Amino acid sequence: MDKIVIEGGNRLIGEVTVSGAKNAVLPLMAACLLVDDWCELTNVPELRDIETLKVLLRFMGAEIEEDPAAGKLRIRAGEIKKPEAPYELVKTMRASVLVLGPLVARCKRAKVSLPGGCAIGARPIDLHLMGLEKMGANIEIEHGYVTVSAEHLHGEKIYLDSPTVTGTENLMLAAVYADGETVLENAAMEPEVVCLADALNSMGADITGAGTDTIRISGVKALRPLKHTVIPDRVEAGTFMVASAMTRGNVLIKNCNIMDLETISVKLREAGATVDEEPDGLRVIGHYPIRSVDFRTQPFPGFPTDMQAQMMSMMSVASGLSVILETVFENRFMHVSELKRMGADITINDRTAIVKGVRGLSGAQLMATDLRASASLILAGLVAEGTTEVSRIYHLDRGYEKIEDKLLALGAEIKRVKDNG
Ligand code: EPZ
């Protein structure tokens, strides 16, 4: 296993190019199961979660050609020999459940390991299954697997109790071949959902309303192969925005969709940073003292839960009191205990964190627990006095492409080393 070692105190100066979005690539890869010819994705980042899904697609019988350096990925699900997702794979990446919808739509059945919980919460898929059942699928759960079967899926009006992102994507994927119109109400409005809808429409699907809370999918008989460019990763972009603001840096974040970063920009400006739109992207300039700001995480277009840990790192060294409410996941404060070992002053009460800014953090040996928590520890290390070591960074590698290289190029004193601990 590797760990990342940081000597804190450097300002980040320069420019960084954002990679393709992990949470957009995964549903696009699942969409390739809908057709039997070669599909092509570009701007694909090199991430562990994408490697995991490649293994799963190959397990099912898909062929994969890739040019990782060029960000290109080709997938052909010519013959799906095994419409299944085994426990060994799903347990490492719960987003594997995204194959459910396309498998039922194409193969009329799927057997997928229930994902179980993860570090940040129970992460149920009851809404995914409720929607498939309403569309006519038969659902059986036994031995930790869900088997979904349907001779024909029919269009339905489906209300989602919570605007689940992968639930919206799964049901969109299931509905493209269904008889009639499916209406998803209280649908997720994330940019990754819009990216998937755009890709499916380019294949010949008939989807309207993506990006709003009501998405309509009219079933079609056949689709063309997918050829799509992955949107930039708004969470990676937001992470670098916070990194610049925290280190009194001056960083141009290139290749980002500025509209997708609005709430992050608003909160960073409230905290005293300069956030300016430029032709090539967003420039973030950090100023001290950092002002404490309150925020709550919400489904898009609210403040993203995937940016909560990173923003908390910044609030740890702000000049006042910040109240953070995590409304999406029930256990997304795993980073707090590690930040407190660096000297942060944080009190948790259920889903609320009260962060009292301190003058400075001190470097420490830390352990990552989940993807975004590990990013927050890296950010804290950038401003901490002395050396910070973050172990178990396989969590980080799930969602950030070469983050230490990108931070090094911006002036951070950071390196990846073998962790023999
Ligand atoms: C997606 O997860 C993202 N993952 C997550 O990113 C992100 O944090 C999350 O959306 C929220 O924005 C991918 O897109 C691959 P949800 P997802 O279903 O779809 C409840 C990262 O760091 N819910 O929108 O699994 C659920 O418990 C990851 O990149 C149900 O109750 O999240 C949660 O409270 C972490 N029943 C809320 O909805 C369901 O059937 C939102 O979950 C589904 C969800």
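Heavy atoms only: backbone and side chains are in, while hydrogens, waters and symmetry mates are out. First listed ligand is number 1; within each ligand, the first listed atom is number 1. Index from 1, following the sequence. Since the model is a prediction, treat every value here as computed from it, not as a measurement.
- Taking every heavy atom of His128 and a limit of under 4.0 angstrom, the matching atoms of ligand 1 come to 40 (O).
- Nearest to atom 24 (O) of ligand 1 among the protein's heavy atoms is Val165 N, 2.8 Å.
- A salt bridge is absent between Glu326 and Arg372: the closest approach of a Lys/Arg side-chain nitrogen to an acidic carboxylate oxygen does not fall below 4.0 angstrom.
- Contact of the Val230 side chain with the Leu28 side chain is registered, since non-hydrogen atoms from C-beta on lie closer than 4.5 Å.
- Remark: Asp49 engages Arg398 in a salt bridge, criterion side-chain N to carboxylate O under 4.0 Å.
- Relative to atom 26 (C) of ligand 1, the option among Gly302, Pro27, Pro124 with the closest non-hydrogen atom is Pro124.
- The proximity of Met130 to ligand 1, defined as any non-hydrogen pair under 4.0 Å, does not occur for either the backbone or the side chain.
- Scanning the protein for heavy atoms near atom 2 (O) of ligand 1, the closest one is Arg123 NH2, 3.4 Å.
- For Lys418 and Asp2, the salt-bridge test passes: some basic side-chain N is under 4.0 Å from an acidic carboxylate O.
- Within ligand 1, the atoms closer than 4.0 Å to a non-hydrogen atom of Arg94 are 25 (O), numbered from 1 in the order shown.
- At the shortest separation from atom 38 (O) of ligand 1 among protein heavy atoms lies Ser162 OG, 3.1 Å.
- Counting the atoms of ligand 1 from 1 in the order shown, those under 4.0 Å from a heavy atom of Arg332 are 8 (O), 22 (O), 35 (C).
- The ligand atoms of ligand 1 that sit less than 4.0 angstrom from a heavy atom of Lys22 are 21 (C), 29 (O).
- Contact check for Leu377 versus Leu339: side-chain heavy atoms found under the 4.5 Å cut-off.
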Open item on the list: Could you walk me through whether Arg392 and Glu338 satisfy the salt bridge (Lys or Arg N to Asp or Glu O under 4.0 Å) test, starting with their C-alpha distance in whole Å, then the side-chain angles of each, then the deciding distance to 0.1 Å, before giving a yes or no?
Closed with: CA-CA 13 Å; Arg392 300 193 180 184; Glu338 294 301 280; over 6 Å; no
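- Using a 4.0 Å cutoff on heavy atoms, Arg398 does not count as a contact of ligand 1.
- Comment: Asp306 does not engage Lys22 in a salt bridge, judged by the lack of any side-chain N to carboxylate O separation of less than 4.0 angstrom.
- Taking a 4.0 Å cut-off on heavy atoms, Gly399 fails to register as neighbouring ligand 1.
- The protein non-hydrogen atom at the shortest distance from atom 11 (C) of ligand 1 is Thr305 CG2, 3.8 Å.
- Nearest protein heavy-atom contact of atom 8 (O) of ligand 1 is Asp306 OD1, 2.6 Å.
- In this structure, Arg416 pairs ionically with Glu404, as a charged nitrogen and a carboxylate oxygen lie closer than 4.0 Å.
- For ligand 1, the atoms lying closer than 4.0 Å to a non-hydrogen atom of Ala95 are 15 (C).
- Here the side chains of Leu132 and Leu171 are in contact, with some heavy-atom distance below 4.5 Å.
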- [ ] Could you check Gln310 against Val235 for side-chain contact (heavy atoms from CB on, under 4.5 Å), going step by step and ending with a plain yes or no?
- [x] CA-CA 10 Å; Gln310 299 91 310; Val235 181; 3.8 Å; yes
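- Ion pairing between a basic and an acidic side chain is recognised when a charged N comes within 4.0 Å of a carboxylate O; Glu51 and Arg48 show no such pairing.
- Among all protein heavy atoms, the one lying closest to atom 33 (C) of ligand 1 is Val328 O, 3.5 Å.
- Atom 40 (O) of ligand 1 has Leu127 N, 2.7 Å as its closest protein atom, hydrogens excluded (heavy atom only).
- In this structure, Ile158 and Met135 approach most closely via the heavy-atom pair CD1-CG, 3.8 Å.
- Residues Glu40 and Arg74 are paired through a salt bridge, judged by an N-O separation under 4.0 Å between the basic side chain and the carboxylate.
- Of the protein's heavy atoms, Asn23 OD1, 3.4 Å lies nearest to atom 15 (C) of ligand 1.
- For atom 19 (O) of ligand 1, the candidate residues are Asp49, Leu129, Asp161, Thr166; the nearest heavy-atom contact is made by Thr166.
- Set against the non-hydrogen atoms of Arg372, the atoms of ligand 1 under 4.0 Å away are 21 (C), 22 (O), 29 (O).
- Under 4.0 angstrom from ligand 1, the non-hydrogen atoms of Phe329 all belong to its side chain.
- Proximity of Thr164 to ligand 1, defined as any heavy-atom pair under 4.0 Å, is shared by backbone and side chain alike.
- Here is the list of ligand 1 atoms found below 4.0 Å of a heavy atom in Ile125: 39 (C), 40 (O).
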